[in-house]
Amino acid sequence: MATTETKGPYQPPSGYLGNLNAEQQSALDQLKKELKEQKETGFALEGEDGFAEARMGDAGLLRFLRARKFNVAAAKAMWLANEKWRKEFGVDEIVKSFEYHEKAEVDKYYPQFYHKVDKDGRPLYIERLGSLDIDALYSVTTADRQLKRLVYEYERSMTERLPACSALVGHPVSTYCTILDLKDVSLRSFYRVKDYVMSAASIGQDHYPETMGKFYIINAPFLFTGVWSVVKPWLDEVTVAKIQVLGAKNKDVLLAQIPEENLPKSLGGTCQCSEGCSMSDAGPWIRP
């Protein structure tokens with residue numbers, strides 16, 4: 001059972017629905033207006049009127065506006081680039097027909113999975129990069145199929161996981177709580193999979209923006225902490241505030257944000273799903 005903790009009345013952060021200042025509201029209205037008129041300028045979006053209603057609700061458009069600090073021109077360019085990518089990558093077809101039959105085998109060599117929720121009701125996403133066996137991984141799948149799986153899961157999260165989490169806590173949930181486990185990570189293995197990791201990061205940043213809620217990098221080796229100290233100053237303050245780099249002593253920090261019964265036992269919690277936490281997809285999005 002996925003659980004959360006009550007933290008008082010919900011207050012939307014600045015820039016989210018229910019908490020827009022005059023400039024932010026004006027930017028949202030202008031972006032909607034320009035995108036609705038876009039068909040007349042030669043870029044046809046989904047739908048007869050050129051307005052992809054399913055994806056272009058206020059909450060969705062605000063993600064792109066926040067990603068571009070409410071610069072309408074930049075957010076519009078980002079949105080149109082996203083629409084172009086969706087068509088070229090075949091996102092709608094992936095949603096309809098992608099079957100990841102190698103999931104159980106891939107899980108042995110590179111566990112990546114959603115599992116229950118944190119105390120704020122966010123879906124918990126866990127990736128164990130330290131468990132990566134690149135030769136074994138690419139004997140059962142390909143980088144292309146890994147990226148298609150990534151997009152399939154992003155789409156499922158937008159249409160199933162986040163709405164289910166929102167219903168659970170009674171207010172909009174639009175971000176994830178991520179744990180990246182670097183225990184026993186091999187620099188050689190990471191280098192060999194770096195192209196996939198960079199492509200995956202680009203997809204998340206460019207096409208599913210503003211979905212990072214909390215991000216924990218755990219069991220980080222000393223070398224990584226040195227790299228992080230160099231990279232950190234180049235990131236904006238909002239992003240840095242969401243990321244915590246932790247060594248082996250991370251249990252207390254994780255349990256401060258994640259209910260013990262929702263965190264897999266292998267990461268310091270008490271959850272032991274019968275089929276294995278990494279294969280269960282347990283969460284409020286799964287109905288009996």
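Position 1 is the first residue of the sequence, and the numbers go up from there.
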Lys76 and Leu35, any side-chain heavy atoms less than 4.5 Å apart = yes
request  = Please name the pair of heavy atoms, one in Leu162 and one in Thr175, separated by the smallest distance, quoted to 0.1 Å.
outcome  = CD2-O, 3.9 Å
ask   = Does the side-chain contact (heavy atoms from CB on, under 4.5 Å) test come out yes or no for Lys108 and Ser131, once each step is laid out?
value = CA-CA 8 Å; Lys108 297 176 184 177; Ser131 300; over 6 Å; no
query = How far apart are the closest heavy atoms of Phe113 and Cys277, and which atoms are they?
reply = CD1-O, 3.6 Å
inquiry  = Could you check whether any side-chain N or O of Thr211 sits under 3.5 Å from a backbone N or O of Tyr208, counting only pairs where one atom can act as donor and the other as acceptor?
reply    = yes
query = Cluster question for you: counting only ILVMFWY and a side-chain heavy-atom cut-off of under 4.5 Å, with indirect links fine, are Tyr152 and Met158 together?
reply = yes
inquiry  = Test side-chain contact (heavy atoms from CB on, under 4.5 Å) on Arg145 and Glu102; report intermediate values, then the result.
reply    = CA-CA 10 Å; Arg145 284 186 60 77; Glu102 66 266 45; 2.6 Å; yes
ask   = What pair of heavy atoms forms the shortest contact from Cys165 to Pro284, and how long is it?
value = SG-CG, 3.9 Å
Lys242 NZ: over 12 foreign heavy atoms closer than 6.0 Å = yes
Ion pair Asp144/Arg149, N-O distance below 4.0 Å = no
query = Parallel, tilted or perpendicular: which fits the ring planes of Trp85 and Phe89, with parallel below 30° and perpendicular above 60°?
reply = parallel
ask   = Can you check salt bridge (charged side-chain N to carboxylate O under 4.0 Å, His left out) on Lys116 and Glu261, steps first, answer last?
value = CA-CA 9 Å; Lys116 301 187 177 181; Glu261 66 272 20; over 6 Å; no
note = Taken to the nearest 0.5 Å, the spacing of Glu127 CD from Thr178 OG1 works out to 8.5 Å
key: Verdict with supporting geometry, Asn21 and Gln25, side chain to side chain donor-acceptor pair (under 3.5 Å)   = CA-CA 6 Å; Asn21 60 33; Gln25 183 64 57; over 6 Å; no
key: Candidate pair Ser278 and Arg128, rule side chain to side chain donor-acceptor pair (under 3.5 Å), full reasoning   = CA-CA 10 Å; Ser278 60; Arg128 309 198 75 164; over 6 Å; no
message = Check for me, please, whether Ile126 and Val185 land in the same ILVMFWY cluster - side-chain distances under 4.5 Å, paths through other members count.
response = no
ask   = Going by heavy atoms in the side chains, are Tyr110 and Asp133 under 4.5 Å from each other?
value = no
key: Co-membership, hydrophobic cluster, residues Phe98 and Ile203, 4.5 Å side-chain   = yes
key: Side-chain (Arg63) to main-chain (Pro209) donor-acceptor, under 3.5 angstrom   = yes
request  = Run the ring-centre check on Tyr125 versus Tyr176 and record whether the distance is less than 6.0 Å.
outcome  = no
message = Would you say that more than 12 heavy atoms from the other residues, nucleotides or ligands in this model lie under 6.0 Å from the NZ of Lys183, or not?
response = no
key: same_hphob_cluster(Ile179, Val117) at 4.5 Å side-chain heavy-atom cutoff   = no
ask   = Are any of the side-chain heavy atoms of Trp79 and Leu61 separated by less than 4.5 Å?
value = yes
query = Any idea which heavy atoms bring Leu147 and Ala200 closest together, and the distance?
reply = CD2-N, 4.0 Å
task = Please answer whether the main-chain N or O of Gly247 pairs with a side-chain N or O of Asn250 as donor and acceptor at a distance below 3.5 Å.
result = yes
key: pair Cys271-Asn262: side-chain heavy atoms closer than 4.5 Å   = no
query = Is there a donor-acceptor pair closer than 3.5 Å between any side-chain N or O of Lys119 and the backbone N or O of Leu255?
reply = yes
query = Does any non-hydrogen side-chain atom of Thr270 lie less than 4.5 Å from one of Leu263?
reply = no
message = To the closest 0.5 Å, what do you measure between CZ (Arg156) and OH (Tyr114)?
response = 9.5 Å
Kindly list each side-chain donor-acceptor pair under 3.5 angstrom involving residues 64-74, sequence neighbours excluded, with atom names and distances?
| residue | atom | partner | partner atom | Å |
| --- | --- | --- | --- | --- |
| Arg66 | NE | Glu210 | OE1 | 3.4 |
| Arg66 | NH1 | Gly15 | O | 3.2 |
| Asn71 | OD1 | Ala73 | N | 3.1 |
| Asn71 | OD1 | Ala74 | N | 2.9 |

message = Counting only heavy atoms not in Tyr109 (residues, nucleotides, ligands), do more than 12 fall under 6.0 Å from its OH?
response = yes
request  = Over all heavy atoms of both residues, which pair between Leu20 and Tyr16 is shortest? Give the atoms and the distance, please.
outcome  = CD2-O, 3.5 Å
ask   = About how many Å separate CD of Glu275 and CG of Asp107, when rounded to the nearest 0.5 Å?
value = 11.0 Å
ask   = How many angstroms lie between atom CG of Asp206 and atom CE of Met78, to the nearest 0.5 angstrom?
value = 6.0 Å
ask   = At their closest point, which heavy atom of Asp58 faces which heavy atom of Lys32, and how far apart are they?
value = OD1-NZ, 3.0 Å
request  = Determine, for Lys96 against Asp92, whether the closest basic-nitrogen to carboxylate-oxygen distance falls under 4.0 angstrom.
outcome  = no
task = Examine distances only and state if a side-chain atom of Ser202 and a backbone atom of Met198 form a donor-acceptor pair shorter than 3.5 Å.
result = no
request  = Indicate if Val253 and Val245 have the same hydrophobic cluster label, given that clusters are the connected sets of ILVMFWY residues with side-chain heavy-atom separations under 4.5 angstrom.
outcome  = no
ask   = Just wondering, are more than 12 heavy atoms of other shown residues or ligands nearer than 6.0 Å to CD in Glu99?
value = no
Tyr100/Gln146 under side chain to side chain donor-acceptor pair (under 3.5 Å): CA gap, chis, key distance, verdict = CA-CA 9 Å; Tyr100 197 60; Gln146 284 287 89; 2.3 Å; yes
query = Side chain of Ser139, backbone of Ala136: donor and acceptor closer than 3.5 Å?
reply = yes
request  = Apply salt bridge (charged side-chain N to carboxylate O under 4.0 Å, His left out) to the pair Glu88 and Lys84, showing each step before the final yes or no.
outcome  = CA-CA 6 Å; Glu88 293 175 347; Lys84 184 173 184 289; 2.6 Å; yes
ask   = Do the side chain of Ser280 and the main chain of Cys273 share a donor and acceptor less than 3.5 angstrom apart?
value = no
query = Any donor and acceptor pair, going by atom type alone, linking the side chain of Asp118 with main-chain N or O of Cys177 inside 3.5 Å?
reply = no
Value rounded to 0.5 Å, distance of OG in Ser274 from CE in Met279 = 11.5 Å
Tyr154 and His207: CA distance, side-chain angles, deciding distance, side-chain contact (heavy atoms from CB on, under 4.5 Å) verdict = CA-CA 10 Å; Tyr154 262 128; His207 308 298; over 6 Å; no
request  = Start with the C-alpha distance between Glu155 and Arg86, add both sets of side-chain angles, then the distance that settles salt bridge (charged side-chain N to carboxylate O under 4.0 Å, His left out), and finish with yes or no.
outcome  = CA-CA 11 Å; Glu155 290 293 311; Arg86 289 181 67 90; 2.9 Å; yes
inquiry  = Apply side-chain contact (heavy atoms from CB on, under 4.5 Å) to residues Ile217 and Ile243 and explain how you reach the verdict.
reply    = CA-CA 7 Å; Ile217 301 174; Ile243 301 173; 4.2 Å; yes
request  = Report the distance from atom CD of Glu105 to atom CG of Leu137, rounding to the nearest 0.5 Å.
outcome  = 11.0 Å
task = Give a yes or no on whether the backbone of Glu93 and the side-chain of Ser97 come within a donor-acceptor separation of less than 3.5 Å.
result = yes
4.5 Å side-chain heavy-atom contact, His115 and Pro123 = no
